[in-house]
Enquirer: 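Take this structure, written in structure tokens, and hold onto it; I'll ask about it next.
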There are 2 protein chains.
Amino acid sequence: MSKQAASLPVIDLTADTPCCPPLAQRRVPAETAAVLAPAFKALGDPVRLQLMSMIASAEGGEACVCDLTPAFDLTGPTISHHLKTLREAGLVDAERRGTWVYYRARPAILRQLAALLTVEPAAAA
Amino acid sequence: MSKQAASLPVIDLTADTPCCPPLAQRRVPAETAAVLAPAFKALGDPVRLQLMSMIASAEGGEACVCDLTPAFDLTGPTISHHLKTLREAGLVDAERRGTWVYYRARPAILRQLAALLTVEPAAAA
DNA sequence: TCTCTGATTCGACGGACGTCAAGACAGGCG
DNA sequence: CGCCTGTCTTGACGTCCGTCGAATCAGAGA
């Protein structure tokens, strides 16, 4: 899914307006599923889930690769690969400032994913 | 039948009490990531995302495999395989009634995943 | 009991994924 | 300029994933 944005029906994941009602409310159309599934897939790895959390919860809203890498028993290239996956899924943004590269979360898509998974508190009681 | 908990550090995904603060609020520990990542991974396929939605949004809260299968251009065994994946991820429950098998969503884990992805409306503006 | 239908399991195949070592690129500093 | 540090890309390897056809299992009904 490296070229996920290249030829798929585009849904603007950066928009602040939610594109989709909750998954449990209306059946998710195939095009929506094709666009959002890669984002869930990107979160479907323990390392990437932790990376995402470290970035999103970092002070100032951004985290340096140099702080991320030593938190795992993995090589630099592997962490870089996971960060690229998160980037291509639209979950984070990267910016180089001098020697270091900083990653920043994209809250809009996180909100969309959360909205999709939302279930009414009493819906299943 | 959810064997997903076979050898992992157990977090009770069926509990109604949320186990985790939002991903953007506190760094997700490795054990939590190891438990929740498989659930995201299970949703990381367009077919399973649609299956999940069809089940969760079905009237009566449950859907028959016989209604699910013809909605895709896939063979029965393939759909069955995807349903098994959702089952092992703890996202759905299956029950056989006579000839047919019915699937039902597990709202508790959906709520946990949604809670994990929650970001404060103004937190990142 | 035998058969028919619905659903799952088994075995196999091609492709994608996670990981690493080695090399390339970018920017700061003598 | 040349070196050093930090990050990314490349190429490779083994494993897991999505899909199918064929076989198997579970109930219903004649």
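Every heavy atom of this structure was used, including side-chain atoms; hydrogens, water molecules and symmetry mates were not. Quantities reported herein were computed from a predicted structural model and do not represent experimental measurements.
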Enquirer: For the backbone of B/V28 and the side chain of A/S53, can you confirm whether one donor and one acceptor N or O come within less than 3.5 Å of each other?
Expert: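 Checking the backbone N and O of B/V28 against the side chain of A/S53, a donor-acceptor pair under 3.5 Å is found.
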Enquirer: Using atom CD of A/E88 as one end and atom P of C/dC17 as the other, report the distance to the nearest whole Å.
Expert: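 Rounding to the nearest Å, CD of A/E88 and P of C/dC17 are 10 Å apart.
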Enquirer: Are the charged groups of A/E120 and B/R111 less than 4.0 angstrom apart, N to O?
Expert: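 Here A/E120 does not pair with B/R111 in a salt bridge, since their nearest N and O are not under 4.0 Å apart.
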Enquirer: Going through the distances and angles, do A/R48 and A/L83 end up as a side-chain contact (heavy atoms from CB on, under 4.5 Å)?
Expert: CA-CA 7 Å; A/R48 287 196 294 266; A/L83 289 171; over 6 Å; no
Enquirer: Do B/R106 and B/D93 meet the salt-bridge criterion of a basic N to acidic O distance under 4.0 Å?
Expert: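 The answer is yes: the pair qualifies as a salt bridge.
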Enquirer: State whether B/S80 places a side-chain N or O below 4.0 Å from either non-bridging phosphate oxygen (OP1 or OP2) of C/dT8.
Expert: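 Yes.
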Enquirer: Considering only heavy atoms, which members of residues 49-72 of chain A lie under 4.0 Å from some atom of DNA chain D?
Expert: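 Only A/C64, A/V65, A/C66 qualify.
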Enquirer: For a quick check of understanding: with a heavy-atom distance under 4.0 Å over all strands, which category does B/L74 fall into, base, sugar-phosphate or nothing?
Expert: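 Sugar-phosphate contact only.
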Enquirer: Within the distance-only criterion (no hydrogens, no angle test), does the side chain of A/T69 pair as donor or acceptor with the backbone N or O of A/V65 below 3.5 angstrom?
Expert: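 Yes, the answer is positive, given that a donor and an acceptor are paired below the 3.5 Å cut-off.
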Enquirer: Can you tell me the distance, in whole Å, between the CZ atom of A/R97 and the P atom of C/dG27?
Expert: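 The answer, rounded to whole Å, is 14 Å.
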Enquirer: For residues A/Y103 and A/L91, determine if any side-chain heavy atom of one lies less than 4.5 Å from a side-chain heavy atom of the other.
Expert: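 Of all side-chain heavy-atom pairs linking A/L91 with A/Y103, none is under 4.5 Å.
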Enquirer: Taking the six-membered ring of A/Y102 as reference, does the NZ or CZ atom of A/R97 fall below 6.0 Å from its centre and within a 45° cone about the axis?
Expert: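 Here A/R97 passes the 6.0 Å and 45° test against A/Y102.
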Enquirer: To the nearest angstrom, how far is A/H81 atom NE2 from C/dC20 atom P?
Expert: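 The distance from NE2 of A/H81 to P of C/dC20 comes to 11 Å, rounded to the nearest Å.
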Enquirer: With heavy-atom distances below 4.5 Å as the criterion, would you say the side chains of A/D45 and B/K41 are in contact?
Expert: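 Not touching, per the 4.5 Å side-chain cut-off.
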Enquirer: Atom CG of A/D73 to atom C1' of C/dC20: distance rounded to whole Å?
Expert: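 Roughly 14 Å, once rounded to whole Å.
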Enquirer: Tell me, please, the opening and closing nucleotides of DNA chain D, 5' to 3', among those with an atom under 4.0 angstrom from a non-hydrogen atom of chain B.
Expert: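 First and last nucleotides in contact are D/dC17 to D/dA28.
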Enquirer: Respond yes when some side-chain nitrogen or oxygen of B/Y103 is under 4.0 Å from OP1 or OP2 of C/dT8, and no when none is.
Expert: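 Answer is yes, contact under 4.0 Å.
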Enquirer: Mapping B/K41 and A/G98 onto DNA chain C by nearest heavy atom, which one lands closer to the 5' end?
Expert: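 Its nucleotide being nearer the 5' end, the pick is B/K41.
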Enquirer: Would you kindly confirm whether A/V101 and A/L51 end up in one hydrophobic cluster when ILVMFWY residues are joined by side chain heavy atoms under 4.5 Å apart?
Expert: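 Shared cluster, yes.
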Enquirer: From NE2 of A/H82 over to C1' of C/dC20, roughly how many Å is that when rounded to an integer?
Expert: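 After rounding, the reported distance stands at 11 Å.
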Enquirer: Under 4.0 Å, heavy atoms only, any strand: does A/T99 hit a base, just the sugar-phosphate, or nothing?
Expert: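 Touches sugar-phosphate only.
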